[in-house]
Amino acid sequence: MGKALDGVRILDFTHVQSGPTCTQLLAWFGADVIKVERAGAGDITREQLRDIPDADSLYFTMLNHNKRSVTIDTKNPEGKLVLEALIQKCDVLVENFAPGALDRMGFTWERIQELNPKMIVASVKGFGPGPYEDCKVYENVAQCVGGAASTTGFDDGPPVVTGAQIGDSGTGLHLALGIVTALYQRTMTGRGQKVLAAMQDGVLNLCRVKLRDQQRLERTGVMKEYPQYPNGTFGEAVPRAGNASGGGQPGWILKCKGWEHDPNAYIYFITQAPVWVKICNVIGKEAWATDPEYATPSARLPRLKDIFAEIERWTMTKTKFEAMEILNKYDIPCGPILSMKEIAEDDSLRKTGTIVEVDHPVRGKYLTVGNPIKLSDSPTDVTRSPLLGEHTDEVMAELGYSREQIEALRTAGAI
Ligand SMILES: CC(C)(COP(=O)(O)OP(=O)(O)OC[C@H]1O[C@@H](n2cnc3c(N)ncnc32)[C@H](O)[C@@H]1OP(=O)(O)O)[C@@H](O)C(=O)NCCC(=O)NCCS
């Protein structure tokens, strides 16, 4: 079966996490992704957080599946010519260097357009244009400047960053959407364009509900679904909401059987209004269904803490999986807190290709997260990440270089 992006060639100038997640997705959708790496060293993540000596790290292998790797010294004059040949042959250049690095290399937007007017140049940067545009940015910086950290954690503690890589992988996703959109527009205009996904913007986009709450707070001075209500105080900015739900249906994380020794024996429980009566019946508080102090969502808001404490008395008598099974019978929305160990061992995630076992010639078998986006006409086959420079000769031959020319460039240190 063909793939959605068959025929699309990507010059992948990305490194670390944000850019590679973007080009990995494009590769899974069928694009030919040619990763250009620095000769001898490669993407710095190849050696970061290594668990096996001399083998590409999981950090690298899990972000670079289905790509080809070529090594080019793009600061070497002859290496630059190879890169120019690649620019002429590819549809999209994706990069996430520090601001200005591509220009310093000599590949300005104008130069790239001269070489290939159809080229789409897609970049991840920490910030968009403005006072911080020249700053380097990593994941947690993006979480802090995008509004995630100030709104995550508990009221009595410091700001907290989340484990979900919303700054890096989140921005990679945004960039991938920008790229396929630009490719679509190109089918009508015939022109390339610049695509920019700033990490601050990407995180803020994912924190949209918190900017909503900022404006609600300014108008009303109080937000009744926040744990600060009714007894705590609200300041001028959206506070940290602990585990409260971001939506209109209150939720909280509750202890389950075994919580004393298992750090993940918890369940997320949502007191969705339409199933309130069922919740009352399940936890044995039938009277709450008709008691005016509990029967309506607005009556419950000032009592949420006590309500969740009562529900927890019930969840603590069940394991998180037992609670999930019982609650789902009644359509009560909930979710067990799954550990990474449990997720790694989950059969259903393996069956759908969301968790995939991959074999690698140096490191052996390892688990990875496959393509989370499933297309019925473009299935994803996850293949291992490339070794450093594994495809240099192959790609150079495709660009029209002879064996002798390739050897000469290698001797000159250009590739
Ligand atoms: C992530 C980041 C902080 C890393 O910074 P860094 O390790 O110092 O790396 P840089 O991006 O500055 O660039 C590396 C240098 O290598 C050079 N380089 C990269 N590939 C090369 C190649 N194949 N041959 C020769 N030189 C190469 C670049 O030209 C640049 O040189 P310069 O500084 O002289 O211009 C930075 O790239 C960044 O802010 N990126 C944008 C935001 C982002 O994506 N952050 C998330 C990362 S997960």
Side-chain angles (χ1 to χ4, degrees), residues 14 16-26 28-29 59 62-63 94-96 99 122-133 135-155 157-182 195-218 223 225-227 237-253 268 270 333 335 337-338 340 343 354 369-374:
T14 68
V16 203
Q17 185 181 165
S18 65
T21 56
C22 166
T23 50
Q24 177 168 261
L25 276 172
L26 301 174
W28 281 337
F29 290 137
Y59 195 2
M62 290 178 72
L63 291 167
V94 192
E95 63 93 20
N96 69 313
S123 304
V124 169
K125 293 289 165 261
F127 295 90
Y132 302 121
E133 64 187 308
C135 299
K136 289 185 175 182
V137 168
Y138 283 107
E139 169 69 49
N140 288 345
V141 175
Q143 290 197 25
C144 293
V145 298
S150 69
T151 54
T152 303
F154 288 85
D155 206 19
V160 172
V161 293
T162 73
Q165 304 286 282
I166 57 177
D168 279 339
S169 293
T171 308
L173 260 169
H174 283 87
L175 191 71
L177 178 59
I179 290 169
V180 290
T181 305
V195 180
L196 170 67
M199 294 169 75
Q200 181 183 38
D201 301 6
V203 171
L204 176 58
N205 185 35
L206 299 176
C207 290
R208 181 172 293 263
V209 296
K210 297 298 178 182
L211 186 57
R212 172 201 69 193
D213 289 351
Q214 179 63 33
Q215 295 170 83
R216 291 172 59 219
L217 180 65
E218 283 167 17
M223 292 183 292
E225 80 283 15
Y226 272 63
V238 174
R240 295 186 261 290
N243 287 316
S245 141
Q249 307 288 350
W252 202 254
I253 287 184
Y268 200 92
I270 297 177
I337 308 305
L338 295 182
M340 270 301 150
I343 288 172
T354 297
V369 184
N371 191 347
I373 305 166
K374 322 287 188 207

CD (Glu95) and SG (Cys22) are apart, to the nearest 0.5 Å, by 11.0 Å
side-chain hydrogen bond (donor to acceptor under 3.5 Å, both in side chains) filter on Thr171, not counting sequence neighbours, yields none
Sorted by chain and residue number, the ring-ring contact (aromatic ring centres under 6.0 Å, His included) partners of Tyr268 (sequence neighbours excluded) come out as none
The side chain to side chain contact (heavy atoms under 4.5 Å, CB included) partners of Leu211 (sequence neighbours excluded) come to Gln214, Gln215
Minimal heavy-atom distance between Trp28 and Pro372, with the atoms involved, is CZ3-CD, 4.4 Å
Interatomic distance, CD1@Ile337 vs CD1@Ile253, rounded to 0.5 Å, equals 4.0 Å
Between the CD1 atom in Ile373 and the CZ atom in Phe29, the distance rounded to the nearest 0.5 Å is 4.0 Å
When rounded to the nearest 0.5 Å, the distance separating CD of Glu139 from CD of Gln17 is 6.0 Å
Sorted by chain and number, sequence neighbours left out, side chain to side chain contact (heavy atoms under 4.5 Å, CB included) with Ala164 holds for Thr162, Ile166
Problem - Check: Trp252 and Pro227 side chains under 4.5 Å, non-hydrogen atoms - result: yes
Note: Thr21 and Gly172 closest approach over all heavy atoms is OG1-CA, 3.5 Å
CE of Met199 to CG of Asn140, rounded to nearest 0.5 Å, is 9.0 Å
In short, salt bridge (Lys or Arg N to Asp or Glu O under 4.0 Å) pairs touching residues 195-213 with sequence neighbours left out are Asp213-Arg216
For Gly167 and Ala142 the tightest heavy-atom approach is CA-CB, 4.0 Å
What one should report as the nearest heavy-atom pair of Leu63 and Gln24 is C-OE1, 3.0 Å
Sorted by chain and number, sequence neighbours left out, side-chain hydrogen bond (donor to acceptor under 3.5 Å, both in side chains) with Gln200 holds for none
Sequence neighbours excluded, the answer for ring-ring contact (aromatic ring centres under 6.0 Å, His included) partners of Tyr138 is none
Could you walk me through whether Val203 and Val145 satisfy the side chain to side chain contact (heavy atoms under 4.5 Å, CB included) test, starting with their C-alpha distance in whole Å, then the side-chain angles of each, then the deciding distance to 0.1 Å, before giving a yes or no? CA-CA 8 Å; Val203 171; Val145 298; over 6 Å; no
Side chain to side chain contact (heavy atoms under 4.5 Å, CB included) filter on Pro129, not counting sequence neighbours, yields Glu133, Leu196
Taking every heavy atom of Ser18 against every heavy atom of Asn96, the minimum-distance pair comes out as OG-ND2, 3.1 Å
- Query: Do the side chains of Val161 and Thr152 get nearer than 4.5 Å, heavy atoms only?
  - Reply: no
Relative to the ring of Phe127, is the ring of Tyr132 parallel (under 30°), tilted (30 to 60°) or perpendicular (over 60°)?
tilted
Residues passing the side-chain hydrogen bond (donor to acceptor under 3.5 Å, both in side chains) test with Thr181, sequence neighbours excluded, are none
Side chain to side chain contact (heavy atoms under 4.5 Å, CB included) filter on Pro239, not counting sequence neighbours, yields Asp155, Met223, Tyr226, Gln228, Phe234
Between Ala176 and Leu25 the two heavy atoms that sit nearest each other are CB-CD1, 4.3 Å
Sequence neighbours excluded, the answer for side-chain hydrogen bond (donor to acceptor under 3.5 Å, both in side chains) partners of Tyr59 is none
